[in-house]
Visitor: 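Would you mind keeping the following structure in view while I ask a few things?
Note that ligands are numbered from 1 as they come in the structure, with each ligand's atoms numbered from 1 the same way.
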Amino acid sequence: MLLPSAHPTSPPKTLAEAKDRIASIHQCVTSAETLPLQVCAGRCLAQGVVASIDIPPYNVAAMDGYAVRSADLDAEGRADLRVIGEIAAGHPSYRELGAGEAAHIYTGAVIPPGVDRIIPQEHCVRSSTHVAVRARIGGKPHIRLSGEDILSGQKVLEAGTRLGPGQISLLTALRVEHVTVRRRLRVGLLSVGDELAETGSSAKHGGIVDSNRPMLRGWLEELGCEAVDLGIISDTSGLVLQALIDAATNVDLIITSGGASIGPADYLPRLIVSRGSLEFWKLNMRPGKPAGFGDIDDCPILALPGNPFAAAAAFTLLGRFLVRRLAGTVETLPLRLPLARTITKEGGYLQVLAGKLAASDAGVTTVEPFRQQGSASLLAIGSADGLILFPEHRHQLAVGEPVEFVPF
Ligand code: AMP
Ligand code: MG
């Protein structure tokens, strides 16, 4: 198969430029659908959500204690009051509290009419019929007011928010039954290489098991995508091209690993040029330099390097950004953490280092670059907490200096 050379026209060179290019070409491609909340964990909101009730929905007791009227308290905050009954959570009382009366009340119970203060249990001495209370002068009334957390009409979640357990809890409390979410992004995953074997297959000499696909599948699922397994294809240009053409009609994004570098059997960049357009390739970063991006038959394709740590780094730094862009999910804020030790490098490229979170002597969370790094290191993938970015223009980062850290 005769292939053109792989030279993107005016390609971005840095990671930041590559992300800008992705953002300038691609936007959200996933349509919206309205579904019961229970099936929406991990989905991304297509529309923001506005509260239609107040939270709390009623004025409720914030403590276990006695419900009283402040007018009954003397100048020291004391009173001896007749106990008229108990008010438990879920069992509201509609009887107005009269002068000289108190009610034993529990956390979460609705405040009855007439009551403007709860005296916490520990400041009360109970007899069979009465309770001696002592309110702290200037103390809190220990009542959670209706709407004090959320007011009806308030926007509580923005479009693009992923629905995790916290968001599901919030929406459930707001009695939201259906939400408008985006369908899951379908991402085709393909591994390329003659040496690759499926998990569990018998080892052949010179072969290795494909460990990139399970890694990428896991991360894609964490991002809320539907991973479509396209298997392993050998280093044969015609077969790789056919697999890509077939996938392009069936998924929103293709992610490959292997065969993206400059060797004679690395067909991906040339295949992308021959069938679509190659937007960038060979970014100014290490590891991850061979990562290429473009489209095949109008389906975006991210070609990751085969080396496991390089694939992990390129996916974490570029793949996640691309997935969020196409899926309509908001980008996460960058994290900066102090370095646990000084590091140096030569040259003007972005160095991506495996890093582990650690605590400094002062108890501050720091990030420690691994002593042993390498684009092929599986140990780094398995034991790092994430990636430390050592910027292009820097030659040394000093201990304690805040550095960008991207968690795995
Ligand atoms: P390549 O990017 O195809 O030149 O591959 C670079 C290195 O990564 C080679 O040592 C490959 O054997 C290895 N490699 C490629 N694909 C995978 C994969 N899916 N899982 C694990 N290692 C891989
Ligand atoms: Mg290869």
Side-chain angles (χ1 to χ4, degrees), residues 1 3 5-6 8 18 187-221 225 227-244 247 251 253-274 278 280-294 296 301-320 323 349 352 354 372-384 387 408:
M1 195 174 173
L3 289 171
S5 66
V187 185
L189 272 181
L190 182 73
S191 298
V192 181
D194 285 355
E195 75 281 32
L196 301 179
E198 290 289 351
T199 313
S201 61
S202 56
K204 77 167 188 200
H205 185 62
I208 55 166
V209 74
D210 172 5
S211 56
N212 287 347
R213 227 165 1 122
M215 168 182 79
L216 296 169
R217 164 186 282 271
W219 277 335
L220 286 168
E221 286 173 354
C225 300
V228 178
D229 194 344
L230 305 175
I232 298 169
I233 303 282
S234 63
D235 289 310
T236 310
S237 60
L239 294 180
V240 178
L241 180 61
Q242 194 54 54
L244 297 178
V251 297
L253 166 67
I254 302 169
I255 297 183
T256 63
S257 74
S261 197
I262 53 170
D266 293 333
Y267 294 114
L268 260 301
R270 286 173 287 160
L271 289 173
I272 295 172
V273 170
S274 77
L278 185 64
F280 60 78
W281 183 41
K282 296 197 262 188
L283 293 177
N284 192 12
M285 64 188 259
R286 293 184 207 163
K289 183 173 176 177
F293 175 72
I296 293 263
I301 174 168
L302 178 64
L304 300 172
N307 266 318
F309 186 73
F315 177 81
T316 303
L317 301 177
L318 281 166
R320 286 189 188 171
V323 161
Y349 60 91
V352 184
Q372 224 178 315
Q373 303 269 349
S375 60
S377 177
L378 279 152
L379 188 61
I381 299 175
S383 40
L387 304 172
F408 275 155

Visitor: What about Leu196: any of its N or O atoms under 3.5 Å from an N or O on ligand 1?
Guide: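 There is no such contact.
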
Visitor: Among all protein heavy atoms, pick out the one at the shortest distance from atom 2 (O) of ligand 1; state its residue, atom name and that distance to 0.1 Å.
Guide: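 Protein heavy atom with the smallest distance to atom 2 (O) of ligand 1: Gly306 N, 2.9 Å.
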
Visitor: What is the nearest protein non-hydrogen atom to atom 22 (N) of ligand 1, stated with its residue, atom name and distance?
Guide: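 Scanning the protein heavy atoms, the shortest distance from atom 22 (N) of ligand 1 goes to Ile208 CD1, 3.4 Å.
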
Visitor: So between Asp235, Asn212, Leu268, whose heavy atom ends up nearest atom 18 (C) of ligand 1?
Guide: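 Among Asp235, Asn212, Leu268, the closest heavy atom to atom 18 (C) of ligand 1 comes from Asn212.
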
Visitor: Is it the case that the side chain of Asp194 and the backbone of Ser234 share a donor-acceptor pair, with hydrogens and angles ignored and the cut-off at 3.5 Å?
Guide: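 Judged by distance alone, no pair lies under 3.5 Å.
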
Visitor: Below the 3.5 angstrom mark, is there an N/O of Asn307, backbone or side chain, next to an N/O of ligand 1?
Guide: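 There is such a contact, yes.
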
Visitor: If the condition is ring-ring contact (aromatic ring centres under 6.0 Å, His included), which residues does Phe315 pass it with, not counting sequence neighbours?
Guide: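 Partners of Phe315 under the ring-ring contact (aromatic ring centres under 6.0 Å, His included) test: Trp219.
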
Visitor: Among protein heavy atoms, which sits nearest to atom 19 (N) of ligand 1, and what does the distance come to when rounded to 0.1 Å?
Guide: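 Here the nearest protein heavy atom works out to Asp210 OD1, 2.7 Å.
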
Visitor: Within the 4.5 Å heavy-atom criterion, are Met285 and Leu317 side-chain neighbours or not?
Guide: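 In contact.
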
Visitor: Side chains of Val228 and Leu189, heavy atoms from C-beta outward: is any pair under 4.5 Å?
Guide: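 Not in contact.
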
Visitor: Does the pair Glu198/Arg213 count as a salt bridge with the N-to-O cut at 4.0 Å?
Guide: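 Counted as a salt bridge, because a side-chain N and a carboxylate O are separated by less than 4.0 Å.
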
Visitor: What is the closest protein heavy atom to atom 1 (P) of ligand 1, and at what distance does it sit?
Guide: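 Of every protein heavy atom, Gly259 N, 3.7 Å lies nearest to atom 1 (P) of ligand 1.
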
Visitor: When you look at CD1 of Ile262, are more than 12 heavy atoms from neighbouring residues, nucleotides or ligands closer to it than 6.0 Å?
Guide: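 No.
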
Visitor: Students should be able to answer this: which protein heavy-atom is nearest to atom 4 (O) of ligand 1, and at what distance?
Guide: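 Answer for atom 4 (O) of ligand 1: Asp266 OD1, 3.9 Å.
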
Visitor: Residues two or more places apart in sequence or in another chain: which of them pass ring-ring contact (aromatic ring centres under 6.0 Å, His included) with Phe280?
Guide: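 In terms of ring-ring contact (aromatic ring centres under 6.0 Å, His included), with neighbours along the sequence ignored, Phe280 is linked to Phe293.
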
Visitor: Are the side chains of Phe309 and Leu387 in touch, meaning some heavy atoms are under 4.5 Å apart?
Guide: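 Contact flag for Phe309/Leu387 side chains = yes.
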
Visitor: Using distance alone, determine whether Glu195 and ligand 1 share an N or O pair under 3.5 Å.
Guide: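 The answer is yes, given that Glu195 and ligand 1 share an N or O pair closer than 3.5 Å.
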
Visitor: Are the side chains of Asn212 and Leu304 in touch, meaning some heavy atoms are under 4.5 Å apart?
Guide: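 Not touching, per the 4.5 Å side-chain cut-off.
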
Visitor: Looking only at distances, please establish whether an N/O atom of ligand 1 is found under 3.5 Å from an N/O atom of Val192.
Guide: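 By distance alone, the answer is no.
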
Visitor: Using a heavy-atom cut-off of under 4.0 Å, does the side chain or the backbone of Ile232 touch ligand 1, or both, or neither?
Guide: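 Within the 4.0 Å criterion, Ile232 makes no contact with ligand 1.
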
Visitor: Could you tell me, atom by atom, which parts of ligand 1 come under 4.0 Å of a heavy atom of Ser257?
Guide: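 Here the atoms of ligand 1 in question are 19 (N).
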
Visitor: May I ask whether Gly193 has any heavy atom positioned less than 4.0 angstrom from an atom of ligand 1?
Guide: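 In this structure, Gly193 fails to qualify as a contact of ligand 1 - no heavy atom is under 4.0 Å.
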
Visitor: Check Ser211 against ligand 1 and report side chain, backbone, both or neither, counting heavy atoms closer than 4.0 Å.
Guide: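 It is both backbone and side chain that touch ligand 1.
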
Visitor: Could you list the atoms of ligand 1 found under 4.0 angstrom from a heavy atom of Gly258?
Guide: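 So the answer, numbered in order with elements, is 2 (O), 3 (O).
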
Visitor: Using a 4.5 Å cut-off on heavy atoms from C-beta on, say whether the side chain of Val192 contacts that of Ser257.
Guide: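 Ser257 does not reach Val192 side chain to side chain.
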
